[in-house]
2 protein chains.
Amino acid sequence: MEKPHNQHIDKIFKAIADPTRREIFHALVVASVALSITQISERYDISRQGVTKHIKTLQQAGLITINAHGRERYCLPSTKPLKLVKDWVNFYDKFWDDSLSRLGDHLDSQT
Amino acid sequence: MEKPHNQHIDKIFKAIADPTRREIFHALVVASVALSITQISERYDISRQGVTKHIKTLQQAGLITINAHGRERYCLPSTKPLKLVKDWVNFYDKFWDDSLSRLGDHLDSQT
DNA sequence: GAAATATGCAACCATTTAGTAGCATTTAGA
DNA sequence: TCTAAATGCTACTAAATGGTTGCATATTTC
């Protein structure tokens, strides 16, 4: 029913929906130094422009910030937006499967 | 790099990436009884077939199971797959933003 | 200053996606 | 039994997505 849904969380969920983006984000987090776009693209089979697009999506979700340094642009990850994902998931802790399956108890046949 | 990535978690992340699907899942979880596909579609502006597609995506992610009862098919949510999302998010607890921002400390200029 | 490097931007392409409508099938009910 | 309801299946469409290439621009470096 048309909840005025959160713009930001949509972008976060979208950003982490792609496995390549999750990989890039992961690589940035565990890296010991900031990585430039070229350095990131060297790690994957996709082109530099492909990486740039993913970076942009991650940036829009707030999952990375860009640190320009001369002609290079270093990507710094931010785990802060993941708090919203965590909150979203944690909401469902109250509903464990055993209780949910009782929702169908008034039905007799199953498939 | 070609990590042999987890098929299941990809489907889960994809399923929860869409705001409408998150709404449907949410509605199913908080509902006091199991809902049929028609009952679900009545709650949204999209068509029954549109809902059916979303249901299928959620089902493939393991986030709902179908409980057939006569000509009706009741949808039961399952929060179990969310454990994988939770684990994914929790991994990043070790990396708080304050520490991550130091990754760029060797750079002098910023934007 | 010239060449090489890092990047952005724009156009393009194939596939997927979210949504639709039409029709067939199964089940419930009068 | 005839009809209405719940659903599946099969196109179909428009838009988004993930990817590409080519070219322009800015910055280093020699």
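Labels below follow one simple rule: chain letters A, B, ... track the order of the sequence lines, proteins then strands, and each chain is numbered from 1.
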Check your understanding: Has the side chain of A/Gln49 got a donor or acceptor that lies under 3.5 Å from a partner of the other kind on the base of D/dG22?
Key -> yes
Check your understanding: Between the side-chain atoms of B/Arg71 and the base atoms of D/dA5, is any donor-acceptor pair under 3.5 Å?
Key -> yes
Review point. Counting only side-chain N and O atoms of A/Ser47, is one of them less than 4.0 Å from OP1 or OP2 of D/dT20?
Key: yes
From [atom1] of [X] over to [atom2] of [N], roughly how many Å is that when rounded to an integer?
X       : N      : atom1 : atom2 : value
A/Ile16 : D/dG18 : CD1   : P     : 13 Å
B/Glu72 : D/dA4  : CD    : C1'   : 13 Å
B/Lys53 : C/dT16 : NZ    : P     : 13 Å
B/Arg48 : C/dC23 : CZ    : P     : 14 Å
B/Lys14 : C/dT17 : NZ    : C1'   : 8 Å
A/Ile66 : C/dA6  : CD1   : P     : 16 Å
B/His69 : D/dA6  : NE2   : P     : 14 Å
B/Asp45 : C/dT20 : CG    : P     : 9 Å

Residue [X], side-chain heavy atoms: nucleotide from [options] that is nearest:
X       : options               : value
A/Thr20 : D/dG19, C/dG19, D/dT7 : D/dG19
A/Lys56 : D/dG18, C/dT20, C/dC9 : C/dC9
A/Thr38 : D/dT7, C/dG19, C/dT7  : C/dT7

Check your understanding: Would A/Arg22 and B/Asp10 pass as an ion pair if we require N to O under 4.0 Å?
Key -> yes
**Study point:** First encountered from the 5' end of DNA chain C, between B/Thr57 and A/Ile37
**Key:**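 Result: A/Ile37.
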Determine yes or no for a side-chain-to-main-chain donor-acceptor pair under 3.5 angstrom, with [X] supplying the side chain and [Y] the backbone.
X       : Y       : answer
A/Arg21 : A/Ala15 : yes
A/Ser41 : A/Val51 : no
A/Tyr44 : A/Glu23 : yes

Exercise for review: Evaluate the ring planes of B/Phe91 and A/His26, with Trp represented by its six-membered ring, and classify them as parallel (under 30°), tilted (30 to 60°) or perpendicular (over 60°).
Suggested key: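 Plane angle under 30°, so parallel.
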